[in-house]
Each structure stands twice: as C-alpha cells, then as structure tokens.
Amino acid sequence: MNWYQYNLENLARKLDVNMDLGLSSKQAEERLKKLGYNELEEGKSVSLLLLFFRQFQDFMVIVLLAATLISGLLGEYVDAIAIMAIVFLNAVLGFFQEQKAEKSLAKLKELSAPQAEVLRSGIWEKVHSRELVVGDIVKVTSGDRVSADLRLLTVSGLEVEESSLTGESLPVLKQTKELKEGNVELGDQVNMVFSGTLVTRGSGVGVVVGTGMKTAMGQIASLLVQTSRMPTPLERKLAELGKILIVTALLLTAFVVIAGVYRGHPLYEMFLAGVSLAVAAIPEGLPAIVTVALSLGVQRMIKKKAIVRKLSAVETLGCASVICSDKTGTMTENQMTVKQVSTIDEHFYVTGEGYDPYGAFFDGRNQEVKLGDIPAISRMLLYGSLCNHARVVNKEDRYVVDGDPTEGALRVAGWKAGVTEESLAEWEITYEIPFDSDRKRMSVVVEHRSGERLIIVKGAPDVLLPRSTSVYSSEGQRPLMQKDAQVVESKIGNMADQALRTIAICYKPLKKGQSYNDFELEKDLTFIGVTGIIDPPRKEVKRAIEECHQAGIKTVMITGDHAKTARAIARDLELMPENGQVVEGSKLSAMNDDQLEAIIDETYVFARVTPQHKLRIVQAFQKQGHVVAMTGDGVNDAPAIKASDIGISMGQSGTDVAKEASSLVLLDDNFATIRSAIQEGRNIYENIRKFIRYLLASNVGEILVMLFAMLLALPLPLVPVQILWVNLVTDGLPAMALGLDRSEGDVMKRSPRSPKEGIFARGLGFKIISRGFMIGIVTLIAFIMAYQGDPERLLYAQTIAFSTLVVAQLIHVFDCRSERSVFARNPFSNLYLIGAVLSSLLLMLVVIYYDPLHPIFHTMDVPLRDWIFITGLGAVPTFLWGFSKK
Ligand code: ATP
C-alpha cells in the first residue's frame, strides 16, 4: 500500500505516532539513530591530504622543485634542501589558509541551514530539518521549502509548487482525504507533499513518511547536479589579474636572467635565481588570502547578525547606493499594540503596553467605558480574535506572540474587552482564505455551537470598505451610505496620521448548508469598525538611516501599509527630505516604466504596494544606475530579491523561498543590521585592496633590486634561498593581518564605490609602483654601500640587502593600512599586524644571527650599529610619501 492510500487511523498505527502529540524527543532520537539524518548524500569532500598536495600544483612551484632537484644532483645539497624546506613551509601556510577558508564557508552553510516546525510531545518547536524522522508531525506554511515527504493531515488553502519533481510549474491544491487507486503519479498525489517542493499558499500539517534518500527527491538525487561555489566577481577579476602578473613576472625574471648571464654570471646560478624570483614575485597566495579575508569578514558580519549566503554579496555591499527596505518589522519593532478602536459612531482609546493583557478602554473625555454596553466594539474584537491564528503566551514573565504580530495585537485587545478562551471555543473555523500581502485581507468561515454561521473578513480598511454594503452601528445593522464611507475614511486617515496601522473587521451571516465561492464570500459585507495599531519604529533605525545618508546611500521605505501611516513613520525616522515623495501602489500601477523612472529619485516611500511592484521599483532604480539592496520576506518577494543587486531576507519572519533568493539574511530582521553589513562590506573590500597593495609593492621591489643589479653588472644582491625566505617571511602573515584590519573611521562617510571601479583605482596602481620602486632602490643602495666593489664583502652585502628588503617591506605594511597617509592611523590599533610584523622580524633575525643557519641562507652576523642604517633606508619608501596625499 502507498502512503496516499492510508486513512489517518491506519497511518498513525503504521507510523507508531500519536497524531495529537507527535513523537516524544526520546522516540525521535531513537529513530534518528536508526534511520539517519534527513539529508541527501553529497559527493565526497576533498581529503586533507589532497588539499595539501594541491599546494604544489602551481606551475612555477613545480619548476622550482625541478630546478632544486637539478641543483641537488649537481651537489648543491644545502641549497636544494633549504629551498625544498621553504617550499614545504609555504605549502603548509597555503594549506592552513585554504583550510580556514573552507571551514568558515562550511560554518556559513550550517548557519543558514533550514529549519522545520515540528510537534514533539505536544509542543510545537523548531528543529533543524536534518533532524526530522519518520512519524514526526510537521507544519508547513506559505513560503516554506518542504523538508521531508509528508502525508497531509490538515490543510488550509495549501498550494504547493512541485516543478523540481514533476516539471509542472503550476501550484497544486492539496487535500487530506486518502486516495483509492494504487498507481498514482507524484503530481496527482494530492494528499502528499514532497521534500524540496515549495509551499506557495496557505498552510498544512502532515506526518513525515520519508526522509533523506528515502524521499521522492532522494530517489532522483543522483541526477541533481552538485553546485560548487562560484568565484565572486572580485575573485574572478583577481584570477585574471593573477594571469597578467604571472606573465609580467616571468618576462621580468627572464630579463633578469638574460641580463645576469650577459654580465657573466653562470647560467645555472641565474636559472635558479630566476626561478626563485618568479616563485616569489608571483602572488600565488593571493586567491587564498582573498577568500580568507572575505570569509573572515563574513564571520564578523555574523557577529553583527548578518549572514552572507553568497560571498559575492560582500563585494557588492560596498557599492550599494539605494536600500529599499520593508517597513514592518525591519524599520519598526513588529511589536503591535491596539491603541484605538473605532466604529461608525464610537471611538475609544486603549491602554496597555506590548502584548500585556492588562488595559482598559477610554472615551475622548478620558472616562473609562464598559464595553458590555457597546455591542459593536465587543463584536469587532470577538471577530478579530476569531479570524486569527496567533497565540499570545507568557514566556519568562513576558507576554510574547506566537504567530503574526498584527493578529497577536488583536487577540490582546480581545482579552482587554473580555473575550475569553471559552467564548472562542464555542466557534469552529470551517474554511479559510489566508492572508497575503497581495490581497491585504484574511477571511474565515466560522460556525457557532448554536448553528450560527458567518464569514469574518479582516484586512486593510481601504480594501474592505469597497466590499461592504452595510455598516454595524450602535443601533444595529444598516445600509452603508456615501457619508458613512466618508466618516470611515476620515477616521482611517486620522489614525494613519498618528502612525497607526489600521485593520478593519467585517462580517456577513451565511446560510447553513449553502456553498459559496471565495468571491461571493468576500462581498456584500457588513463593516463593523477599524482598529488602530501602534508598531513603534526601532530605536536604532533613525541613526542607521542618517549614517547611510552620510555614506551616500538612499533609504527607501516599501510597505503594504497605508500611505499616511507610512508617511508618519518615515517622518519619525527622518527618512525623507522636504521634497520627498510618497507614491502609492495604485498610482505606481498606472505609471509606465519611463514615468516611474522619472519620479523614482524623488521618491522615498512606496505605500500600499504589492510584492509585484517591488520588482519594478528595483529595476527602475537600476536603470538610473543605482546598485540596489532590497529586503523581502514573503514568497512573492523572491523575484524582486533576486533581481536586486543585494537581495536581503529576514532571518526570523522570512520564508525559505525569500531566504533562498537572497544573498544576505538579517538574523534580527533589523534595518540597522543592513547598515552594519554595508560598513563591513566596504571594509572587507578596503582590506583586500590593502594587502594587494602590500603584496604587489613587495614583489615589485624584489624584482627591481635584482633587475637593477644585473643591469649595473653587480653580483646577485640576494641568493635564491634569501628571495624565497623574504617571500615566506614577509608575504604570508602581514598580508593576512591586513585582511583582518578594522575599518578606517571615515569608511561610512565616503560615497559608495562604483561597481565598475577596477582594483587599482583611486591611485592604488601608483602607490604600488612608486613604493615598490623605492623598496627596490633602497635595497640596492644598501647592497652597493655594503659591497663597495669588494668580492670579499659579498656575503655581508647580501645579508644587508636581505635585511633592508625585509625591513622596508615590514615598515611599508603600516602605510598600506590607510589610503590617506601612514600617519592617518595608530600603528598599534591592529594587534594582529604588530604580532605578524614581530614574528616576521624574528624569522629574519634567526637566519642572520643563528650561526648554524648561516651556510644555508648565505648570511652572517651583522653589527648592531648597521641596523640604524638598515632601518633608516628601509623607512624611506614609506616616509618619502608620508606627507603627500599620493
Ligand atoms: P511591510 O511594511 O513589511 O510591507 P506590512 O505589514 O505593512 O508590511 P502587509 O503585510 O502587506 O504590509 O500588510 C498590508 C496590510 O494588510 C496592512 O496594512 C494591514 O491593513 C493588512 N494586514 C496585515 N496583516 C494582516 C493580517 N494578518 N490579517 C489581515 N490583514 C492584515
């Protein structure tokens, strides 16, 4: 028998689960042990050993090893072993860098792992989807990616898009009744939902019948293409740059070799020097350091509650020039409290804070009123509690909402008006048309024990008023006149001006036994009244908007709420300048794309919009040359999130679909977190520029000192092991430490970077060449002065050149921390860098002062007073420009 043929009783027996309580955690644990995690088997990951050997793949490293082998065969054992050891150390360093990158990427993946809502021992809780087991009772709602195969137990307008399994892109309406036939195609198994498919509307509860490889998706898992991580644009750009650098370095090295041979150096000696120089000059560590910098930055973002799903977003964040943000929950607290209630002829104020159930109703003269005498308000709040799925619970002495905060607020207002759980239990919901932001309303058909049957509709007042034909006043029900509509509209306007969110409540009695379609149900309603709900702006948002403004980033509010409510909140947040415009969804629909583009730069608030409008807004901003960040949480927001340059979803209230479409997830749903992420994004990019500048300037210096020496017919200023040691000692750690640098104070006071900007823009190319040139020159000067044309002094001169080169680079690293000047920053504000520089210095001193290493590194003890000379010369490349802006 197939799962879809079971009736619910047999199902419970077969799966050994109590359908009302779910599995106990002990049962779940046992089943997890027996059946394994609910996940598809992935391809084997690369072994550590392989990862290590990959470090030797680089072409030049292979050439170097071959050259070393030759020199070993020729009897130069010491040199050969030293070079091998350095190459090995380099590989170890590269290996750890890559390991770190891999690990942090894996951690990211874990953080954005999907969750499922499951009933365990009678309590609904969220668990990682991989921990689901057969027999678990699971809830799915609109926007979820289903995480196991479920046989449905209850549904409420549940529609599921199953194209990943069946190829059919139209959503399928689900039901719960068992099917009779035994050979039903997946697409027709309407009482089942399958792992990996997408809930597009409504909600449902089902029992897990298959997990992991035992799901319908698992059976075709082998056909699914494994997606590997795509390199980010910057990584790609750097890979291209890397190729150019390799060619340049090779050409220059070849030139050095030719010049050396021409000047009479032995070919073999020049060959080994050339290959070592090429290995040192090719920044082979660059890609790994970039990945490390990106992923470490990403970890810093996690601490600030932003999770990056696509590394490329880190780069784009720094270019963002417009943030389009939802209002509710992102700019506001999503802490809703009903503050006013209004019918056609009454208006009351409600006291109490948050979701605390304590509060009373007062009239305009501040007199407390007993609602028992005012049937319209009592009825409105009873219906508001019936057309409602939220639960307000006391957790650790605080009342919190489980469900939609707007509905939570209505429940609390109901409590304050005396609506009890017992009175609600007398009603049963028999049908529902769920809320979505397109419809801006939700309806339930309810039946009372006495047989009374009604439809209750709650939603945006301007959506419900046109659907109403009568009104419920203090005298009872009467036809809705033109002037009644005007009264209601002015009341809504008044509440909205006070930044209140308005929800109207309507109803209509239904005949027993008669069936209606959705359209008939939601027309000819009786309008009872409106509630005004406060949702205060988040405290930190005003400042974040101001800081974005200073950073040249425009903030735009996009909301399904009333234009006046949106304007009032925008005013509180100081989001709009004097001439800023509010555009409503209906007006936007009437505009063509050109008209929209013409007004978009002056528009700061889009109100009463639907998710479809969001896509047009993104595209209009992009047409104006903006880089757009767009937030969203619902299923229908996904296209706009995808189309934007930085799609942002909400960690708490967001659906799986929105999260999957996004490149950044806000763990706390907070606008201020976007600001922090942008700051971090800008900083990461700047840090990458810092170490690129450092590494390349160092390499330019290394090549030039050799080149100039050959041109001047001098001996080799550095021997191969020294070149390799400089490369190892100065490149790795200080460059990494630059990647960890904190942002410069003014990073949020600059305009966004242009996405077209090359890596060497803003004078970086000049800085690299000029500093590199000077590093080469001072090293050469040090060499010449120490050498004095005396071959006896060669060993000493080479040691001095080696020291000067290292010291010049290690001083220059501090210059790289700021694009302004070496004096712009306190050198001790990056302790990693201090640590890295000290260890590099130590590694240099070891080969100079530790006698046993002398024959290996061709070094000798240097008198202490020489260090004044070395440091003085080494400081020149940095301080020559210290006072200029170039
Ligand atoms: P955002 O600012 O993030 O777009 P929003 O809540 O203002 O969020 P929607 O959720 O699309 O926008 O809501 C639009 C309107 O629908 C609200 O102004 C309110 O009148 C109504 N509404 C909101 N939630 C519900 C609900 N649960 N049931 C019925 N109507 C609702």
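Throughout, numbering of the chain's residues begins at 1 and tracks the sequence. Only heavy atoms go into these numbers, but all of them, side chains included; no hydrogens, no water, no symmetry mates. Numbering of ligands and ligand atoms starts at 1, following listing order.
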Over all atoms of both residues, closest heavy-atom pair of Ser470 and Thr526: OG-OG1, 2.9 Å
Nearest-contact summary for atom 19 (C) of ligand 1 - protein heavy atom, Å: Ile503 CD1, 3.5 Å
Partners meeting ring-ring contact (aromatic ring centres under 6.0 Å, His included) with Phe621 (sequence neighbours left out): His626
Lys327 side-chain N/O to Gly560 backbone N/O, donor-acceptor pair under 3.5 Å: no
Contact atoms of ligand 1, heavy-atom distance to Thr559 under 4.0 Å: 1 (P), 2 (O), 4 (O), 7 (O)
Protein heavy-atom partner closest to atom 5 (P) of ligand 1 - residue, atom, separation in Å: Thr328 OG1, 3.3 Å
Ligand 1 atoms in contact with Ala460 (distance to a heavy atom under 4.0 Å): 20 (O), 21 (C)
Sub-4.0 Å atoms of ligand 1 with respect to non-hydrogen atoms of Arg608: 15 (C), 18 (O)
Side chain to side chain contact (heavy atoms under 4.5 Å, CB included) partner of Ser203, chosen from Val155, Asp144, Thr154, Thr141: Thr141
Flag for Ser586-Ser589: side-chain donor and acceptor within less than 3.5 Å: no
Proximity of Asp561 to ligand 1 by residue part, where a heavy atom lies under 4.0 Å: both
Whether Asp637 side chain and Asp633 backbone form a donor-acceptor pair below 3.5 Å: yes
Nearest-contact summary for atom 27 (N) of ligand 1 - protein heavy atom, Å: Asp404 OD2, 2.6 Å
Lys327 neighbourhood, listing ligand 1 atoms whose heavy-atom distance to it stays under 4.0 Å: 2 (O), 3 (O)
Closest protein heavy atom to atom 20 (O) of ligand 1, given as residue, atom name and distance to 0.1 Å: Thr502 O, 3.0 Å
Taking atom 22 (N) of ligand 1 as the reference point, the nearest protein heavy atom with its distance: Phe435 CE1, 3.3 Å
Atom 4 (O) of ligand 1: nearest protein contact (heavy atom, Å): Gly560 N, 3.0 Å
Member of Arg441, Arg467, Lys508 meeting the side chain to side chain donor-acceptor pair (under 3.5 Å) criterion with Glu522: Arg441
Where Leu381 and Ala417 come nearest, the two heavy atoms and their spacing: CD1-CB, 3.5 Å
Polar atom proximity, Arg501 to ligand 1 (N or O, under 3.5 Å): yes
Top protein contact for atom 28 (N) of ligand 1, by heavy-atom distance: Lys458 NZ, 3.1 Å
Close-contact set for ligand 1 against Ser437 heavy atoms, below 4.0 Å: 11 (O)
Ligand 1 contact on Thr330 by region, counting heavy-atom pairs under 4.0 Å: neither
